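Everything numeric here is computed off the predicted structure, so don't read it as measured data.
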Amino acid sequence: MSLSITLILLGLALAVMVFTGWRGARPPDPMKGPRMMPWRFLMIGAAAVALLLLIHLATLFGAERAPWIPGA
């Protein structure tokens, strides 16, 4: 993926993470019934996607993965 696509997807993931975090933090309203959307789970999923995109962004800027077994 190119840098621009990565930044756009990272911005979208952050926006989804903030929105779902806000919705998940709202107090329950018993008059409306139970919540049907798992807002907190969606927030965690968006945070995981954002973390993967940050790792991809670091590799685009030249970061390299450390070897699993040093000295081997």
Side-chain angles (χ1 to χ4, degrees):
M1 274 191 304
S2 67
L3 178 63
S4 59
I5 293 174
T6 303
L7 289 175
I8 290 170
L9 290 176
L10 181 60
L12 286 173
L14 290 175
V16 168
M17 186 175 61
V18 168
F19 176 72
T20 55
W22 170 71
R23 288 294 303 238
R26 293 177 66 190
D29 187 7
M31 297 302 289
K32 287 185 177 180
R35 293 184 190 166
M36 300 306 288
M37 289 292 293
W39 294 113
R40 292 180 181 146
F41 179 73
L42 292 174
M43 179 186 64
I44 292 170
V49 169
L51 182 64
L52 290 174
L53 286 169
L54 282 173
I55 293 170
H56 179 64
L57 190 63
T59 59
L60 285 177
F61 284 120
E64 292 184 8
R65 182 175 56 91
W68 286 103
I69 304 171

Looking at residues at least two apart in the chain, or sitting in another chain, which of them share a side-chain contact (heavy atoms from CB on, under 4.5 Å) with [X]?
| X | value |
| --- | --- |
| Ile44 | none |
| Met31 | Asp29 |
| Thr59 | His56 |
| Ser4 | Ser2 |

**Q.** Hphob cluster co-occupancy, Met1 + Leu52, side-chain heavy atoms under 4.5 angstrom
**A.** no
Q | Cluster link Phe41 to Met43, ILVMFWY, side chain under 4.5 Å | A |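 No, Phe41 and Met43 fall in different hydrophobic clusters.
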Less than 3.5 Å apart, which donor and acceptor atoms pair up between the side chains of residues 7-26 and the rest of the protein, not counting sequence neighbours?
unit_1, atom_1, unit_2, atom_2, d
Thr20, OG1, Val16, O, 2.8
Thr20, OG1, Met17, O, 3.3

